[in-house]
S.K.: 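Below is a structure I'd like to ask you about.
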Amino acid sequence: MHTFQFIRPADQAAAISTASQSKTAQQGADVRFLGGGTTLIDLMKLNVETPSRVLDINRLPLDKIEATSDGGVKIGAMVRNSDLANHAKVQHDYSVLSQAILQGASAQIRNMATVGGNLLQRTRCVYFRDTAMACNKREPGSGCPAITGHNRTLAILGASDHCIATNPSDMCVALAALEATVQVQGPKGPRTVAFSDFHLLPGNTPNRETVLESGELITHVTLPPPTAGSKQLYLKLRDRASYEFALASAAVVLSIASGNITGARIALGGVGTKPWRSPEAEVALTGKPAREETFRQAAEAALRDAKPQSENKFKIELAKRCLVHALRTVTES
Ligand SMILES: Cc1cc2nc3c(=O)[nH]c(=O)nc-3n(C[C@H](O)[C@H](O)[C@H](O)COP(=O)(O)OP(=O)(O)OC[C@H]3O[C@@H](n4cnc5c(N)ncnc54)[C@H](O)[C@@H]3O)c2cc1C
Ligand code: SF4
């Protein structure tokens, strides 16, 4: 039995206080905020998420995209994915973000999905979504059948002996490459989290996916000022051309002067247990000529620590080719 409650703008603090009574902000939370519902309601129908209270935050005034005084952008947590992807400044200055969102889900889902909800979308691992199966993420200590089972789509970077689930978000891969920050309001006040610190590796607590504590509400995501003249691309490889999650993807933000790469920010999707920023690829690119050999070296560096499972060895070469192709394409543009 679930209780649904609409949260009025004046009741934001009360909602945070109510949610802070939850034992956890993670899997198994008694109280959940409701954004677009495209993850949460799905999982409640499957009995994977069973909150006793659902706080509908759609009326909170967190639906603006605003320029910041330093030239960046502040995005409200309730901004719909479609509105963010189609915003003129985002398309112009942060095109990798617009491209990543538009390659995710379907138009209808993007119209509902919010920025805050996208940050917290759950893995598509089939065992996680089936309560008849064991799953350490859903029920800590119950086991991980994916390690010896169906793991074709699962992670090759950042996995542990307890969980090998992939983070499925496209938007988050672009946010990692753009060095976004996440603003959170909680019972102890506001705090800001660097995007690279927001999602956690599974380790031996795969049920804990982010640094959020009980009651913490994502209020905004902020992008730093754009790098002038940077070239940006999001390339997503998947089993079919639409309405499908990434097998491998690459978000690329490159600065090039006189044929040399002067700055690189690289993140990978579909292969990591979290949106996967690759400092190794960035080092391999920076200061080097923008040519095929450099791109291949960056891809080798990015996947050096990859550990395949029984069904997904192909992802190593796929992710390398994805990154090389993205770098080649963006350089030629
Ligand atoms: C069929 C299908 C295909 C999809 N394909 C893709 C794809 O290709 N690529 C991709 O990236 N995504 C894909 N998605 C996932 C989709 O992007 C997410 O479901 C969506 O972004 C979640 O946003 P939401 O607002 O609906 O979240 P909700 O379902 O409302 O919430 C998700 C979680 O976030 C929490 N939450 C929401 N807002 C806040 C907040 N402000 N503060 C704290 N907690 C909050 C909720 O409590 C819940 O736990 C797909 C989804 C479906 C159903
Ligand atoms: S990979 Fe993670 S989500 Fe999938 S079954 Fe194992 S523990 Fe559960």
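We count ligands from 1, going down the list as the structure has it; atoms in each ligand are counted the same way.
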S.K.: Which heavy atom of the protein is the closest neighbour of atom 41 (N) of ligand 1, given with residue, atom name and distance?
M.R.: Ile218 O, 3.0 Å
S.K.: Is it the case that ligand 1 has an N or O less than 3.5 angstrom from some N or O of Lys236?
M.R.: yes
S.K.: List every atom of ligand 1 that sits less than 4.0 Å from any heavy atom of Asn81, numbering the atoms from 1 in the order shown and giving each element.
M.R.: 21 (O)
S.K.: For atom 13 (C) of ligand 1, what's the nearest protein heavy-atom neighbour? Residue, atom name and distance, please.
M.R.: Phe245 CE2, 3.3 Å
S.K.: Find all atoms of ligand 1 within a distance of less than 4.0 Å from any non-hydrogen atom belonging to Gly104, and give their numbers and elements.
M.R.: 7 (C), 8 (O), 9 (N)
S.K.: Counting heavy atoms only, which part of Leu119 comes closer than 4.0 Å to ligand 1: side chain, backbone, both or neither?
M.R.: neither
S.K.: Kindly confirm or rule out an N or O of Glu216 lying under 3.5 angstrom from an N or O of ligand 1.
M.R.: no
S.K.: List every atom of ligand 1 that sits less than 4.0 Å from any heavy atom of Tyr243, numbering the atoms from 1 in the order shown and giving each element.
M.R.: 1 (C)
S.K.: Do me a favour and list the nearest non-hydrogen protein atom to atom 1 (S) of ligand 2 with residue, atom name and distance?
M.R.: Ile164 N, 3.3 Å
S.K.: Any idea which atoms of ligand 1 are less than 4.0 Å away from a heavy-atom of Ala77?
M.R.: 41 (N)
S.K.: Just distances here: any N/O of Ile109 and N/O of ligand 1 closer than 3.5 Å?
M.R.: no
S.K.: Charged N to carboxylate O below 4.0 Å: is that the case for Glu280 and Arg304?
M.R.: no
S.K.: Run the numbers for me: atoms of ligand 1, each under 4.0 Å from some heavy atom of Leu217, listed by number.
M.R.: 40 (C), 41 (N), 42 (N)
S.K.: Under 4.0 Å, heavy-atom basis, I'd like to know which part of Pro168 is in contact with ligand 1: side chain, backbone, both or neither.
M.R.: backbone
S.K.: Among Leu175, Val221, Thr181, Leu120, which residue meets the side-chain contact (heavy atoms from CB on, under 4.5 Å) test with Phe198?
M.R.: Leu120
S.K.: Is it true that some N/O/S atom of Cys144, main chain or side chain, lies under 2.8 Å from atom 2 (Fe) of ligand 2?
M.R.: no
S.K.: Does the distance from a Lys or Arg side-chain N to an Asp or Glu carboxylate O, for Arg122 and Glu49, drop under 4.0 Å?
M.R.: yes
S.K.: When you measure from atom 36 (N) of ligand 1 to each heavy atom in Thr38, Leu62, Ile101, Leu120, which option holds the nearest one?
M.R.: Leu120
S.K.: Looking only at distances, can you tell me whether any N or O atom of Gly116, backbone or side chain, sits closer than 3.5 Å to an N or O atom of ligand 1?
M.R.: no
S.K.: Side chain, backbone, both or neither: which part of Glu244 has a heavy atom under 4.0 Å from ligand 1?
M.R.: backbone
S.K.: Quick one about Gln5 and Thr3 (side-chain donor to acceptor, distance below 3.5 Å, no hydrogens or angles considered), yes or no?
M.R.: no
S.K.: Where is the nearest protein heavy atom to atom 2 (Fe) of ligand 2: which residue, which atom, and how far?
M.R.: Cys163 SG, 2.4 Å
S.K.: Let me see the working for Ser82 and Asn111 under side chain to side chain donor-acceptor pair (under 3.5 Å), right down to the final yes or no.
M.R.: CA-CA 5 Å; Ser82 300; Asn111 285 344; 2.6 Å; yes
S.K.: What part of Asp42, side chain from CB on, backbone N/CA/C/O, both or neither, has a heavy atom under 4.0 Å from ligand 1?
M.R.: side chain
S.K.: Just jot down the ligand 1 atoms closer than 4.0 angstrom to any heavy atom of Ser169, in number order.
M.R.: 11 (O)
S.K.: What atoms of ligand 1 come within less than 4.0 Å of a heavy atom belonging to Arg32?
M.R.: 47 (O), 49 (O)
S.K.: Counting heavy atoms only, which part of Thr219 comes closer than 4.0 Å to ligand 1: side chain, backbone, both or neither?
M.R.: neither
S.K.: For Arg138, which part has a heavy atom under 4.0 Å from ligand 2: side chain, backbone, both, or neither?
M.R.: neither
S.K.: Of the backbone atoms (N, CA, C, O) and the side-chain heavy atoms from C-beta on, which set of Cys125 has a member under 4.0 Å from an atom of ligand 2: side chain, backbone, both, or neither?
M.R.: side chain
S.K.: Mind checking whether Ala113 contacts ligand 1 via backbone (N, CA, C, O), side chain (CB onward), both or neither, at a 4.0 Å heavy-atom cut-off?
M.R.: both
S.K.: When only distance counts, is Met171 in polar contact with ligand 1, meaning an N/O pair under 3.5 Å?
M.R.: no
